[in-house]
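Just so it is clear: chains get the letters A, B, ... in the order the sequence lines come, proteins before strands, and each one is counted from 1. What you see is a predicted model, and the numbers here were worked out from it, not measured in a lab.
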Number of protein chains: 2
Amino acid sequence: MASFENMENRDLNRCENCIIRQMHSFRALRKDELKAMSDSKETRQFKKGEPLFKEGDRLAGVFCVRNGISKLSKISDNGKEQIVKLATKGEILGQRSVITSEQTNLSATALEDMEVCFIPKSHIENSLHDNPAFTNAVLKHMASELKIADDTIVNMAQKTVRQRLAEVLIYLHTNFGTDEDGYLYLQLSRSDIADVVGTATELLIRTLTNFRKEGLIITSGKRIKIIDNKLLNQLIQGHS
Amino acid sequence: MASFENMENRDLNRCENCIIRQMHSFRALRKDELKAMSDSKETRQFKKGEPLFKEGDRLAGVFCVRNGISKLSKISDNGKEQIVKLATKGEILGQRSVITSEQTNLSATALEDMEVCFIPKSHIENSLHDNPAFTNAVLKHMASELKIADDTIVNMAQKTVRQRLAEVLIYLHTNFGTDEDGYLYLQLSRSDIADVVGTATELLIRTLTNFRKEGLIITSGKRIKIIDNKLLNQLIQGHS
DNA sequence: TGGTGCAACTGACATAAGTCATGTTTTGCA
DNA sequence: TGCAAAACATGACTTATGTCAGTTGCACCA
């Protein structure tokens, strides 16, 4: 019986032991909260291209990413998609909508096969109500997201496509890393990169081509490798 | 003595009685918290054009706007100013920096003569620590700001200057209202409007001129009056 | 294994936005 | 009240971005 308990304690499928928890506000949750959460959570698989949820949905809970990468995007009034954020292992999706009890303002779509835990919103609501440490952690996290969002607004409004692409490449490098050959690990389609940068696919491709000709990057199929990190960073700042 | 107490209770300079409190997370504060806050707050005047704080400052507290309007802006790497938000009566400035204990990422500048209460950050920190209702109210507020920020990102990335200007005019109308003649109450300089829209002053002026020629607005000096609200709204959505 | 279809790419052109120069009006103030 | 500075406005031009039309190349599968 003791050994059974030990096994349960080590079960990585339990929220209590989930590595994801190390990374975010969930670390502020108490043992009993995690246990309750784990007992009612539901692990789901999403295939590449499948939607986790769509803009306007009312979410019955939040999604905790265990594996894979998802894009959070929105269709503008002009009908074009804009990717607002890429969410990877450890990110919680749908938290904001649950906090404000509103419909989601973004769609989430799997960019790779994903493994995601769905946690009914009652758990989040209860913890927000009962556990001030958790609420504070969520608040801090949201405050820092807001800061990032402000920076993005300024970038979108004031920077050229060249600068924004340079920024996205650096972002992909620092956040998702590279494979053994030094190519960006995350292989987005040209069209998805364009949707992150906020431009048309053709111009995105042209700009990538220019970067290649200028020796800033190397491409191989859809794979991209950053060669001149320094110049790329200079580009982001001053013009050129 | 009783009458003295009554007078103090009715004193509108006390946080407990401040109308501003009705509007925001401060309504979740308890009597004792408000009293402590009121006893150490400091009311300051800012003249039009004066900075409340600058990007990179470490704030010793938050600013609560009692009167007047302030712009929150940031200088992009390219050296141009982008206005991220206009804050008016009842808004709390600097809250995010206090929550994350970081430097501010935005500058705040008075666009009109302002009256602002400065509240030392210890009060906010204490209430975040002791008063879950307050923390939850702040969290909800921040979540809704984040949603607005996401929408702004999409607009900046995907909409034309014409569309963004139309949006700003509607925003100024619904949020700050009009004077007795129906002109927008808030008289921003052309350059400030350009910094909100995210474009050059010349293009902003040209676009305003076009709107005037198309019968969407009337201008008189720096005053602007919206004539065709409906067309302006259509412009924001579909192209034209 | 040879289509079929989609993603990646390129060229040519149209439109949007930015910049520089310059004139005009308003505003603040000595 | 009159002058200087700042804000507003417009023209002419350059550059950035978007769009359409088409070609190439690669992966998938009947």
Candidate pair B:Y183 and B:I226, rule side-chain contact (heavy atoms from CB on, under 4.5 Å), full reasoning | CA-CA 7 Å; B:Y183 285 85; B:I226 293 179; over 6 Å; no

Separation of C:dA8 P from A:L204 CG (nearest whole Å) | 9 Å

What is the distance from NZ of B:K159 to P of C:dA17, rounded to the nearest Å?
-> 13 Å

Per B:K222 side chain, nearest of listed nucleotides D:dC8, D:dG18, C:dG18 | D:dC8

Under the criterion salt bridge (charged side-chain N to carboxylate O under 4.0 Å, His left out), which of B:K74, B:R96, B:K85 is the partner of A:D150?
-> B:R96

List the protein contact pattern of nucleotides 20-27 of chain D with one symbol per nucleotide (5' to 3'): B for base contact, S for sugar-phosphate-only contact, - for none; contact means a heavy-atom distance under 4.0 Å.
-> B-------

Give the rounded distance in Å between these two atoms: CZ of B:R164 and P of C:dA16.
-> 13 Å

Can a donor-acceptor pair be found between the side chains of B:E81 and B:S73 at a distance below 3.5 Å?
-> yes

What is the distance, rounded to the nearest whole Å, between atom CG of A:L165 and atom C1' of D:dA16?
-> 15 Å

Starting at CD1 of A:I205 and ending at P of C:dA12, how long is that distance when rounded to a whole Å?
-> 17 Å

Would B:N155 and A:Q82 count as having a side-chain donor-acceptor pair, cut-off 3.5 Å?
-> no

Test B:F53 against B:L93 for side-chain contact (heavy atoms from CB on, under 4.5 Å), laying out the working first.
-> CA-CA 10 Å; B:F53 53 83; B:L93 309 181; 4.1 Å; yes

Going by atom types alone, do A:R162 and A:N210 pair a side-chain donor with an acceptor below 3.5 Å?
-> no

Name the nucleic acid region contacted by A:L203, choosing base, sugar-phosphate or nothing; use a 4.0 angstrom heavy-atom cut-off, strictly under.
-> sugar-phosphate

Please report, rounded to the nearest Å, how far the P atom of D:dT17 is from the CD atom of B:Q163.
-> 17 Å

Where the side chain of A:K80 is defined as all heavy atoms beyond and including C-beta, which of D:dG18, C:dT19, D:dA16 is the nearest nucleotide?
-> D:dG18

Quick one: do A:K159 and B:D77 satisfy side-chain contact (heavy atoms from CB on, under 4.5 Å)? Show the steps, please.
-> CA-CA 8 Å; A:K159 291 192 175 171; B:D77 290 329; 2.7 Å; yes

Nearest-angstrom distance from the residue atom CZ of A:R190 to C1' of C:dC9 = 9 Å

Nucleotide C:dA16, atom P - distance to CG of A:N78 in whole Å = 12 Å

Under 4.0 Å between a side-chain N or O of B:T199 and OP1 or OP2 of C:dG18?
-> yes

Contact class for A:T209 (heavy atom, under 4.0 Å): base, sugar-phosphate, or nothing?
-> sugar-phosphate

On DNA chain C, check which nucleotide each of B:K48 and A:R212 is closest to and give me the residue with the more 5' one.
-> A:R212

